[in-house]
Amino acid sequence: QVELIESGGGLVQAGGSLRLSCAASGPFIGSYVMAWYRQAPGKERQFVAAIRWNAWDGSMLNYADSVKGRFTISKDSAKNTVFLQMNSLKPEDTAVYLCAAGHVASVFAQASEYRYWGQGTQVTVSS
């Protein structure tokens, strides 16, 4: 059974930074693509970033246009933990941020393709 536990959310002023963590456990987790999504009240779940890492060809990353240049996804493979460093935060970044994992084809997979999801962590950016 795969388990994903997010942490690091909170309240921050616009222009500030937060670092989210997603600790993963379970079989084969090291081979999964892992991603961050976010969902604001009354809105659809939105892709934020995804990462795939393996020993033979390194990392492959994908970002939503709305976060490029501000957010960075990374992975500590030894700890099966994925991070989302969020800088220059804006009020429109306010949402519940969810971690996802799955044996999907690539970092361009759709949300429906991810099998495992965490409970989420709230990020609130005040203006």
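Along the sequence shown, residues carry numbers from 1.
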Exercise. Determine whether I5 and V2 fall in the same hydrophobic cluster, where Ile, Leu, Val, Met, Phe, Trp and Tyr are linked whenever their side-chain heavy atoms lie under 4.5 Å apart.
Key: no

Practice problem: Please round to the nearest 0.5 Å and tell me the distance separating atom CD of E6 and atom CG of L20. | Solution: 8.5 Å

Quiz prompt | By side chain to side chain contact (heavy atoms under 4.5 Å, CB included) - contacts of D93 (at least two apart) | solution = R38, R70, F71, L89, K90, Y97, V125

Practice problem: Taking all heavy atoms of Y114 and all of A35, pick out the closest pair and write down the distance. | Solution: OH-CB, 3.6 Å

Self-check item: Exercise: identify the closest heavy-atom pair between C99 and L4
Solution: O-CD1, 3.6 Å

Self-check item: side-chain contact (heavy atoms from CB on, under 4.5 Å) evaluation trace for Q46 with S66
Solution: CA-CA 10 Å; Q46 179 186 42; S66 59; 4.3 Å; yes

Self-check item: Separation between CE of M86 and OG1 of T72, rounded to the nearest 0.5 Å
Solution: 11.0 Å

Exercise. Please report the C-alpha distance between V104 and R115 in whole Å, then the side-chain angles of each, then the deciding distance to 0.1 Å, and finally whether the side-chain contact (heavy atoms from CB on, under 4.5 Å) criterion is met.
Key: CA-CA 9 Å; V104 300; R115 181 174 181 180; over 6 Å; no

Quiz item: Does Y116 belong to the same Ile/Leu/Val/Met/Phe/Trp/Tyr cluster as V48, with side-chain heavy atoms less than 4.5 Å apart forming each link?
Solution: yes

Quiz item: Are V96 and W117 joined in one hydrophobic group, where the rule is that I, L, V, M, F, W and Y side chains link up if heavy atoms are under 4.5 Å apart?
Solution: yes

Quiz item: Measuring from K79:NZ to S25:OG, what's the distance to the nearest 0.5 Å?
Solution: 15.5 Å

Exercise. Mind checking the CG-CE spacing from N80 to M34? Nearest 0.5 Å is all I need.
Key: 7.5 Å

Self-check item: Minimum-distance pair of heavy atoms, taken over all atoms of W36 and S21
Solution: CH2-O, 3.6 Å

Exercise. Check A95 against A40 and note the closest heavy-atom contact, atom names and distance.
Key: CB-N, 3.9 Å

Self-check item: pair L61-V107: side-chain heavy atoms closer than 4.5 Å
Solution: no

Exercise. Please work out whether the ring planes of Y37 and F47 are parallel, tilted or perpendicular, with thresholds of 30° and 60°.
Key: perpendicular

Quiz prompt | Minimum heavy-atom distance S127-A14, with the two atoms named | solution = CA-CB, 4.4 Å

Quiz prompt | Non-neighbouring partners of Q13 that pass side chain to side chain contact (heavy atoms under 4.5 Å, CB included), sequence neighbours left out | solution = S126

Exercise. Indicate if Y32 and I73 have the same hydrophobic cluster label, given that clusters are the connected sets of ILVMFWY residues with side-chain heavy-atom separations under 4.5 angstrom.
Key: yes

Self-check item: Nearest heavy atoms of K75 and V82, plus distance in Å
Solution: CG-CG2, 4.0 Å

Quiz prompt | Single-linkage hydrophobic cluster V12~V67, side-chain heavy atoms < 4.5 angstrom | solution = yes

Quiz item: Rounded to the nearest 0.5 Å, how far apart are CZ of R52 and NE2 of H103?
Solution: 10.0 Å

Quiz prompt | Gap between atom OH of Y63 and atom CG of L84 - 0.5 Å precision | solution = 8.0 Å

